[in-house]
**Student:** 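My questions will all concern the structure given below.
Each chain gets a letter, A, B and so on, in the order its sequence line appears, and its residues count up from 1.
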Amino acid sequence: MSGRRIKSAPDLEKLRQEVISKRDPKKTRVAICAGTGCLALGAQKVITTFKEELKKQGLEDTVEIRETGCPGFCEKGTIIVIYPEGFYYLQVQPGDVPEIVEETLIEKKLVERLLYTDSVTNEKAIYETEIPFYKTQMRLLIGDNINIDPKKIEDYIALGGYSALAKVLSEMSPEEVIEEVKRANLRGRGGGGFPAGRKWGTTRNAPGEPKYVIVNCDEGDPGAFMDRALMEGNPHSVIEGLIIGAYAIGACEGYIYVREEYPLAVENTSIAIEQARDYGLLGRDIMGSGFDFDVKIFRGAGAFVSGESSALMSSLEGKVGAPKPKYIHTSVKGLWNKPTNLNNVETWANVPLIINKGADWFTSIGTERSTGTKIFSLVGKVNNTGLVEVPMGITLREIIYNIGGGIPGNKKFKAVQTGGPSGGCIPEGFIDTPVDFDELTKLGSMMGSGGMIVMDEETCMVDVARYFTDFLVDESCGKCVPCREGLERMSEILTDICEGEGKEGDIELLEELAVVMMDASMCALGRTAPNPVLTTIQYFRDEYDAHIEEKKCPAHVCKALIEYYIEAEKCTGCLACLKPCPEGAISGEKEEVHTINPEKCSKCGICYDTCKFDAVIIR
Amino acid sequence: MKKMTINGIVTQVEDYWSILEACRFYGIDIPSLCYHDGLSPGGICRLCVVEIGKGERAKLVTSCNYPVEDGLVVRTHSERVIRARKMLVELLLARCPSSKTLQDLAAKMGVQRVRFKVKNENCILCGLCVRMCAEQMGARAIGFAGRGINRRVTPPFDIKSEVCRKCGACMYVCPVCQLRCQGPEPPNVVCGACMNVEPVCLQDNEDVMCYLDTCGWCFKVKPVSLKKKSVYGKEKMEGG
Ligand SMILES: Cc1cc2nc3c(=O)[nH]c(=O)nc-3n(C[C@H](O)[C@H](O)[C@H](O)COP(=O)(O)O)c2cc1C
Ligand code: SF4
Ligand code: SF4
């Protein structure tokens, strides 16, 4: 408890100066990522080892340890950055800590092996700005994560935090705030890309009191974690955006809907709310402006469909998190039938930036119809995986090759799936497409919440379509017929195709089914669910045909359609594959050609991996 | 009153109506399974979809829960609508071919094949029983459990409900409980043979053997020959 309430804009500035004046910019500071990704890689141990080591060396008072949010390069965790120099160390293990303390903190020398090394040129990078993964990025939202201990509001305030709120409360009318957000053309980052300013206006003007504002941090897309990184790493930026939105809309109550699977996000956000309340940034008479607003955290049970607006509100009301069959927007009749404005975490986090730097600055970033930056979670068959924040309009190629470092193992790029489970697969021919809301939709995919899964030539596109369809079969709420029955049938047909049971007419039936699901489903889950199937049919139809007509899987993925075979010319008769084969399917004598009995073979692929002479082939 | 266009005809409708109520008032037949006059609309079966709007912005909405609006342009039988309805019936039939209601709908709409594997479930999850129990009987003895393909209707915790009065209202509204006719041939996935083709029953029997509504749609009346007074009495007359 600070016991100090911020009573005005100048008061906030005074506090900021106080916080800064207590800090010595020359003091050595070790920022250690304590986000979920790095924690999973052992960051906690690194942190405790650091503390012990500093104690041993008597450096406790001269070196500050800051446990920060996620800087995005999760694959290379644990990440630590040493200030004031800004040395960037990757993949730090607890065992490296004594050396870092000795060499870098005391001797001011680099520990070379912890620096980023380019896999092609072998060049080392010392600073963040030199690492190719970060070079092309524009990290307006997650850039501060490494500088902030999310459990300390002072860290956020020191970086100018809550100054946008102060500006809004002291200088702007609610209408002016909405106008500014409209002019910035901020579009929802949670999937639909709906203009936030317009939605705010609708809720503001809708009849009914009280009005509510909600943060959607359900983030159910497999492989997506940008909302988690923001909520964990910089919760105040989201809360500040939310308070500004509440002021503009005229809401006095807000909720942050976080999925139960994000305990650290819940913890950090709870602490953030407490601290904001202590400083009078939440609660009654915020910053002496007379505006009252408070916010609660609600933990969702973690169903994908709960992220849909009406389902999320049902869940908040204590009911089953399933979409409601209604044609009235939640912005007019939402939570408890009151006007409710729901936005995604990232949408809210953009608001303070827009207020501070202005709509003109914001629209100068990105494309004409998609302004600002977007965070993507770049995963799959790409060298650098992690969170990537880029200005909209950058091409897929730049993201995958410049930032992602290309495809591992010199394999060929095949497709990238964007937009989460109900997004589409974009083939190589469109890799120079600029990434924004409208361009992705044109290709049959979507921005979604920003998932980006890269696939190489060893991916079977029918199998991919089946994978996403199966995910949605599990996640559909099951209320309406087209989605529930349609998805199950889609999965059935795709499974048949993958198992060599595909028949003529299957593709046409899939398409027919898809059109009806998109037309007649109740919520956006069912309406977008056919995207993976439709885009793979559109761009990779020959692969479907090969499965159905020739009973072959060109990518050698579908087990029912492949055969392991030993090429006589290459087989040296070394016996190496005989023993590991779990089925005893391989026969042969020493120095004689071995053969696989296809009847017995379970297609596990062990022989393929074992053979040193590449004699085992898949056909 | 509100003014809207249904199938090109300008109509006056009550403010509180849904599109479905308006259409039915004007005698336009829109199929539905999960709708019941006495219950809140379910919006679940999606069979009552209609097309609203024009051009790029045209879309399908369920008429049972879409409120009427001034200037709304509604098409109840556009190609897009019929395509959706037929597919929905095919999907439901594959799930539950034993339902007479579904078979009749299929027959009426010309759904003559089912391209999916047949499941033989005994519930289409329309939720009429759940709403009936809650809204009319005030009991709430049954509800939905499970998600997605595991969704089912059951009393709480799958144990016999204490609040159930065994009134049977749930069974009364169920569109599946009423079994399809057994017909002269063993049941196949799509029945409705009597409606789609010339009745087979009449080749071997004197009466229509499926007990559909007595619409007689299927019975193509043959011209009565003056010489032979009755079609059915043919043999007797000639013999006698
Ligand atoms: C099945 C489904 C899941 C969704 N999941 C999320 C989610 O996890 N997070 C999110 O912000 N929006 C999600 N949405 C989108 C929300 O319905 C809503 O459009 C969004 O939160 C609005 O915020 P925005 O305008 O800032 O994007 C989902 C939508 C659907 C249909
Ligand atoms: S579309 Fe799917 S998820 Fe949405 S209401 Fe229908 S069944 Fe539920
Ligand atoms: S794929 Fe597996 S089961 Fe088949 S021959 Fe090779 S090792 Fe044996």
**Student:** Counting heavy atoms not belonging to B/Y172, are there more than 12 under 6.0 Å from its OH?
**Tutor:**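 No - once you tally the heavy atoms of other residues, nucleotides and ligands closer than 6.0 Å, there are 12 at most.
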**Student:** Please check if the number of heavy atoms outside B/R115 that lie under 6.0 Å from its CZ is greater than 12.
**Tutor:**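 Yes - once you tally the heavy atoms of other residues, nucleotides and ligands closer than 6.0 Å, there are more than 12.
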**Student:** Can you say whether A/V481 sits under 4.5 Å from chain B via the side chain, the backbone, both, or neither, judging by heavy atoms?
**Tutor:**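 Both parts, backbone and side chain.
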**Student:** Please give me the minimum heavy-atom distance between B/G43 and A/P325, naming the atom from each residue.
**Tutor:**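 In this case the closest contact between B/G43 and A/P325 is CA-CB, 4.4 Å.
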**Student:** Name the region of B/K86, side chain, backbone, both or neither, that has any atom closer than 4.5 Å to a heavy atom of chain A.
**Tutor:**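 Neither part, no heavy atoms under 4.5 Å.
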**Student:** Rounded to the nearest 0.5 Å, how far does SG of B/C96 lie from CD of A/E485?
**Tutor:**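 One gets 9.0 Å once the value is rounded to the nearest 0.5 Å.
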**Student:** In this structure, are over 12 heavy atoms from other groups packed under 6.0 Å from A/R198 atom CZ?
**Tutor:**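 For A/R198, atom CZ is not crowded (no more than 12 foreign heavy atoms under 6.0 Å).
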**Student:** Can you tell which part of B/V81 gets under 4.5 Å to a heavy atom of chain A, answering side chain, backbone, both or neither?
**Tutor:**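 For B/V81, no heavy atom lies under 4.5 Å from chain A.
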**Student:** Counting only non-hydrogen atoms closer than 4.5 Å, does B/L92 touch chain A with its backbone (N, CA, C, O), its side chain (CB onward), both, or neither?
**Tutor:**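 When you check distances to chain A, only side chain atoms of B/L92 fall under 4.5 Å.
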**Student:** Would you say CD of A/E368 has more than 12 non-hydrogen atoms from neighbouring residues, nucleotides or ligands within 6.0 angstrom?
**Tutor:**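 Atom CD in A/E368 is not packed in, count stays at 12 or less.
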**Student:** So how far is it from A/M517 CE to B/M87 CE, rounded to the nearest 0.5 Å?
**Tutor:**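 Going from CE on A/M517 over to CE on B/M87, the span is 10.0 Å.
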**Student:** I'd like to know whether CZ of A/F194 has more than 12 heavy-atom contacts from other residues, nucleotides or ligands below 6.0 angstrom.
**Tutor:**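 Yes, because the 6.0 Å sphere around CZ of A/F194 holds more than 12 heavy atoms from other groups.
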**Student:** Are there more than 12 heavy atoms of other residues, nucleotides or ligands under 6.0 Å from atom NZ of A/K326?
**Tutor:**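 For A/K326, atom NZ is not crowded (no more than 12 foreign heavy atoms under 6.0 Å).
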**Student:** Could you check whether any side-chain N or O of A/R484 sits under 3.5 Å from a backbone N or O of B/R147, counting only pairs where one atom can act as donor and the other as acceptor?
**Tutor:**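 Not a single qualifying donor-acceptor pair exists.
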**Student:** By a 4.5 Å heavy-atom criterion (distance strictly below it), what part of A/K324 contacts chain B: side chain, backbone, both, or neither?
**Tutor:**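 Neither; nothing under 4.5 Å.
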**Student:** Has A/R527 got more than 12 heavy atoms of other residues, nucleotides or ligands less than 6.0 Å from its CZ?
**Tutor:**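 It does: A/R527 CZ has more than 12 such atoms within range.
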**Student:** Atom NZ of residue position A/K211 - does it have more than 12 heavy atoms of other residues, nucleotides or ligands inside 6.0 Å?
**Tutor:**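 Buried by this count: over 12 neighbours within 6.0 Å.
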**Student:** Do B/I19 and A/Y327 touch side chain to side chain, with heavy atoms closer than 4.5 Å?
**Tutor:**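 No; the side chains remain at least 4.5 Å from each other.
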**Student:** Could you tell me if the side chain of B/K117 sits less than 4.5 Å from the side chain of A/D496, heavy atoms only?
**Tutor:**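 They are in side-chain contact.
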**Student:** Any donor-acceptor pair under 3.5 Å linking the side chain of A/D519 with the backbone of B/A84?
**Tutor:**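 Checked: no pair found.
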**Student:** At what distance, to the nearest 0.5 angstrom, does CG of B/L125 lie from SG of A/C480?
**Tutor:**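 Reported to 0.5 Å precision, the distance equals 11.5 Å.
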**Student:** If you count heavy-atom pairs under 4.5 Å between each of B/I124, B/V61, B/N150, B/L33 and chain A, which one has the most?
**Tutor:**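 Between B/I124, B/V61, B/N150, B/L33, the count favours B/V61.
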**Student:** With a 4.0 Å cut-off on N to O distance, would you call A/E488 and B/K119 a salt bridge?
**Tutor:**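 Salt bridge flag = yes for B/K119 with A/E488.
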**Student:** Nearest 0.5 Å, please: how far is CG in B/L91 from CG in A/L513?
**Tutor:**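 Interatomic distance, A/L513 CG to B/L91 CG, rounded to 0.5 Å: 5.5 Å.
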**Student:** Identify which part of A/V320 has an atom lying under 4.5 Å from any heavy atom of chain B, answering side chain, backbone, both or neither.
**Tutor:**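 For A/V320, there is no contact with chain B at all, as no heavy atom is under 4.5 Å.
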**Student:** About how many Å separate CZ of A/R489 and CZ of B/R95, when rounded to the nearest 0.5 Å?
**Tutor:**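 Separation between the atoms: 9.0 Å.
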